[in-house]
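Below: one structure, written as structure tokens.
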Amino acid sequence: MATTTAESASTAPLQAAAHGDRDSRSLVFLGLLWGSLAFGIFALGVLLVNTFIEGSGRLDLMLFVNYTSQLFPGKAGARAAILGSLMVIVVTALLAVPLGVAAASYLEEFASRENRFARFVELNVQNLAAVPAIIYGMLAAGLAVTVGLPRNTVLVGAIALALLILPVIIVSTREALRAVPREIRQGSLALGATPMQTLTRQTLPAAIPGIATGTILALSRAMGEAAPLLLLGGLVFVTYDPNGLLSGFTTMPIQIFDWAGRSQIAFRELAAAASMVLLVLVLAMNAVAIIIRNKFTTSR
Amino acid sequence: MDSATISMRQMETVDSGRTISPTETPRAVLTCDDVSIYYGSFRAVNEVSMDIGLHEITALIGPSGCGKSTVLRSLNRMNDLIPGTKVTGTISYHGIDIYGKDVDPIEVRRRIGMVFQKPNPFPKSIYDNVAYGPRVTGMKVDSMDDLVEKALRGAALWGEVKDKLKQSAYGLSGGQQQRLCIARTIAVQPEIILMDEPCSALDPIATARIEDLMLELKEKYTIVIVTHNMQQAARVADRTAFFTAEAAEGNGDRTGHLVEFDLTTKIFSNPSDSRTEDYISGRFG
């Protein structure tokens, strides 16, 4: 860039200082960082390519329209699992989002720091976040038995997944609310708005991008969960569409788990193909989250 | 008292053509009587007694930490939002203690509005910023468009924004945003407007416009302003209260208190307290 001697003279000390940053120890560390990154990407790439090669033969229409089959893996499909996954996720969202947003709003906007109940809720949200996924399955199963519902139903599965992602939704909603400037709330209250009006008309709308992003990421995690649902039992061989809250169902991770455990090659191909579909679904949800975030941050 | 009667009285006062120069004792609309304000166990402000005069601009000045903003925020119960705040003594608005048991802080804030230090428009259109207050307070308005126009004219902003009412308020300059916040405040037809250093984030030209606006607004409203800028107090205020903070005996906590409250002309020409004189002549603070 320097075209005159005066400029190069003035930039020279800066360059020397920059070299000081890149001594041999820093370079080794930088190399390690890049190496770790490359290893992670390489492992992921191998997995993806391997799955794709294995499953590409079965990535056909039958995978989407046919039910699973014990006898004819060549014609079996993941129809029940795809529909089941979508249905369970929708019900999960309907359960978890209102509850999570309401809990976060209470903790962030209404409860005072000294409030014992709020501190108790907060502690439990943190505890819930640390609970292994399978425990939620046991909890939902226990709940179903207690109230006399059949365990392997869409509703009970959705309850398990909703409990699983509730802490994530609460934490991300609280962060989104906290990011809304305090001045907005004060401005609203100073005009004579009630705290509830301030929440519903100012704070929550301003926090929607953060809430939506966190929620979609949580839902896409729920989409890939098998462990809590496996505990509900009876979900691995379903040859009908889910048709209601109390209908039996299976989901894609469970179907993949079942197929992958069978000895015939054809089932393993099916598992790989279904994995690709699940991957695309989850990536699509994450993409939607990113789009929402970008759309709202640029329009401000 | 409902908002209708308040605006009626404002009309009468305007029509009757009041005198501009303030009287020796203010016609009090808001009276502080031995007001002390605590944050937890810390006493931030000690025993302030002063009268806010109707259709006057009252300036609160003093060095940082003297409690002038704390006093201002206690006047419309914005202090309630800070946990652990306690107010003792009485602040009465038309004779009613605003910290009384059966008083709703929401109602207090509808009558006593506030403009903040940093312009804080809502992330909405200019129109919706102004219409927000009337909407949430359930004001009965014949035409929201007219109300928005009137409020924006009242804040000397109409000419600059009339062609872009539907655009985001964030596209306005800092000074315009602050006038929008004033427009938003007068849209709910309060009787008193509190201003917490409204010009400290603005350049001198925008500041001058806000000051001109304040002088216009006092025809219809009563204004209390906190300012760090003594020239500003001297330019706009009818009455000035000088606060300072002194360390309480025993510990290092500095408690703010009112040193002197008088006509601005007197405070700036012939203060009775030597601390006031030291402050306004720039010897401390």
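Every chain is numbered from 1 and lettered A, B, ... according to where its sequence line falls, protein lines coming before strand lines. Just so we're clear, the structure is a prediction, and the values are computed from it rather than from any experiment. FYI, side chains are in, hydrogens and waters are out, and symmetry mates aren't considered; it's all heavy atoms of this structure.
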Quick check: closest heavy atoms across [X] and [Y], and the distance to 0.1 Å?
X	Y	answer
P190(B)	I193(B)	CG-CG1, 4.1 Å
A222(A)	I165(A)	CB-CG2, 3.8 Å
M285(A)	S220(A)	CE-N, 3.7 Å
G214(A)	S172(A)	CA-OG, 3.6 Å

Heavy-atom cut-off 4.5 Å, strictly under: side chain, backbone, both or neither for [X] against chain A?
X	value
Y132(B)	side chain
P119(B)	neither
R77(B)	neither
M78(B)	side chain
L81(B)	side chain

* Contact winner vs chain A - N120(B), T137(B), V136(B), heavy-atom pairs under 4.5 Å -> V136(B)
* What residues, two or more places apart in sequence or in another chain, satisfy ring pair (Phe, Tyr, Trp, His ring centres under 6.0 Å) together with Y136(A)? -> none
* Asked: Taking atom types as modelled, is there a side-chain donor on S69(B) or D196(B) under 3.5 Å from an acceptor on the other?
  -> yes
* To do: Look at the side chain of R185(A) and the backbone N and O of V180(A), then say whether any donor-acceptor pair between them is shorter than 3.5 Å.
  => yes
* For atom NZ of K118(B), decide whether the heavy atoms of other residues, nucleotides or ligands shown that lie under 6.0 angstrom number more than 12. => no
* To do: Nearest 0.5 Å please: distance from the CD atom of Q178(B) over to the OG1 atom of T207(B).
  => 9.5 Å
* Contacts with chain B made by residues 128-135 of chain A (heavy-atom distance under 4.5 Å), listed by residue number -> none
* Mind ranking Q202(A), R201(A), E183(A), Q186(A) by heavy-atom pairs under 4.5 Å with chain B and telling me who comes out on top? => Q202(A)
